[in-house]
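All remarks here apply to the structure that follows.
Order of listing sets the numbers, starting from 1, for every ligand and every atom in it. Please read all numbers here as calculations on a predicted model, not as lab measurements.
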Amino acid sequence: MAPSILLLPGDGIGPEVMNEVRRVLDWYARTRGLEFDIDEDFVGGASIDVHGVPVTDAVVTKAKAADAVLLGACGGPRWDDLPFEQKPERGLLRLRKELGLFANLRPALVFDALVDASSLKPNLVTGLDIMIVRELTGGVYFGEPRGISELGNGQRRGINTQVYDTHEIVRIGRVAFELAQKRGKKLCSVEKANVMESGVLWREEMNLLAEDYPDVELSHMYADNCAMQLVRQPKQFDVIVTDNLFGDLLSDCAAMLTGSLGMLPSASLGESDAYGGRKALYEPVHGSAPDIAGRGHANPLAMLLSLAMMLRYSFDEPAEAALLEGAIERVLSAGKRTRDLMAPDCTEVSTSEMGEAITVELAAAQ
Ligand code: IPM
Ligand code: MG
């Protein structure tokens, strides 16, 4: 039986970039015999429009049953005025939580062809290859108590809680240490232990874990300093491990180093099960970009690089993943660019022309 994948295109540019996933998956099925059992459903605003909720129980059940989920993007101004619990983003957060996707891998890799698209000087970003490991199911995103309460004197109070238990820190720590072992063997753990007890605990647990990974060099950094170091000297980092909120901020920052937010893929992984499988959801780091949706300007590369991550992490197909990454690299080197990456002497292509160019390049490479 072919492995099953669930496509959740979502909102804004989500459906456009997901079309290119379909195109590339078609190519893999036709020419490489790599077949998937593909299902598609709604999430985010698209789900609100049809079902009145940002994700249905049925879709959560489907996502749990699938071997992997690919998600486009959630959200848009049309749904901004909805009550908090009904906003499109809640659909994504519910999927992360209910699938137990605690480990979010966000690689920031600078392609040679895009060195000039970065907002930093070329010498700072050439060859840049950072992996941000973001804790994804805990911290202030989910901590209780939370909410807005009336104080009775015309004042209201908004509350969120930053909370981490030992086991949550240890399991994300292990993912990060193991990744560091396979890469440059350097791990930087990021928190605010100077002001937050949750950061103190985070640091202590990482230090304890380090004893199990003597080949990895562990360092610690405060999150504000990390933001500064990312734009000052990004190549000092190999793997960064951090909590949910800091990971959200720092990965946007790292994304821009690569030239465009449209270049950063991500994998969200759960615990390994007894059969060596794990729940997984792959999505670009960028959002739904409602301002450019429907015009063919969206960059599908973060979505397609997320597909490559799926081939590598969920289906153990590193050669097929490398084939796709190589095709992306060569299309960029040939000067084909979506609008976000446009530079002098390059050719602007639409979302679908970019997808098409990649399948042509894939065919040429095999
Ligand atoms: C991300 C996004 C999400 C987050 C939003 C859409 C809920 O910014 O994946 O980085 O804050 O986690
Ligand atoms: Mg974000």
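Taking distances strictly below 2.8 Å, the protein N/O/S atoms close to the Mg ion (ligand 2) are Asp248 OD1.
With no hydrogens or angles considered, a side-chain donor-acceptor pair links Asp243 and Gln162 at under 3.5 Å. Asn299 and His286 share no side-chain donor-acceptor pair at under 3.5 Å. A side-chain N or O of Asp49 and one of Trp79 form a donor-acceptor pair less than 3.5 Å apart. For the residue pair Tyr164/Glu135, the side-chain donor-acceptor check at 3.5 Å is satisfied. For the residue pair Asn160 and Tyr141, no side-chain donor N or O sits within less than 3.5 Å of a side-chain acceptor on the partner.
Under 4.0 angstrom from ligand 1, there are no non-hydrogen atoms of His286. Contacts of Lys87 with ligand 1, taken as heavy-atom pairs under 4.0 Å, are absent altogether.
Taking the salt bridge (Lys or Arg N to Asp or Glu O under 4.0 Å) definition, one finds that Arg278 meets it with nothing, sequence neighbours left out.
Among protein heavy atoms, atom 1 (C) of ligand 1 sits closest to Arg106 NH2, 3.4 Å. What sits closest to atom 10 (O) of ligand 1 on the protein, heavy atoms only, is Asp248 OD1, 2.8 Å. The shortest contact between atom 5 (C) of ligand 1 and any protein heavy atom is with Glu89 CG, 4.4 Å.
With Asp11 contributing its side chain and Ala46 its backbone, the two residues share a donor-acceptor pair below 3.5 Å. Put simply, the side chain of Asp340 never gets that close to the backbone of Ser260: no donor and acceptor are under 3.5 Å apart.
A salt bridge between Asp129 and Lys235 is absent, with no side-chain N of the basic residue lying under 4.0 Å from a carboxylate O of the acidic one.
Taking any N or O of Asp252, backbone or side chain, none lies under 3.5 Å from an N or O belonging to ligand 1. For ligand 1, the polar-atom distance check against Tyr141 finds a nitrogen or oxygen pair separated by under 3.5 Å.
Heavy-atom separations between Arg96 and ligand 1 include at least one value shorter than 4.0 Å.
For Tyr282 and Tyr313, the gap between ring centers reaches or exceeds 6.0 Å.
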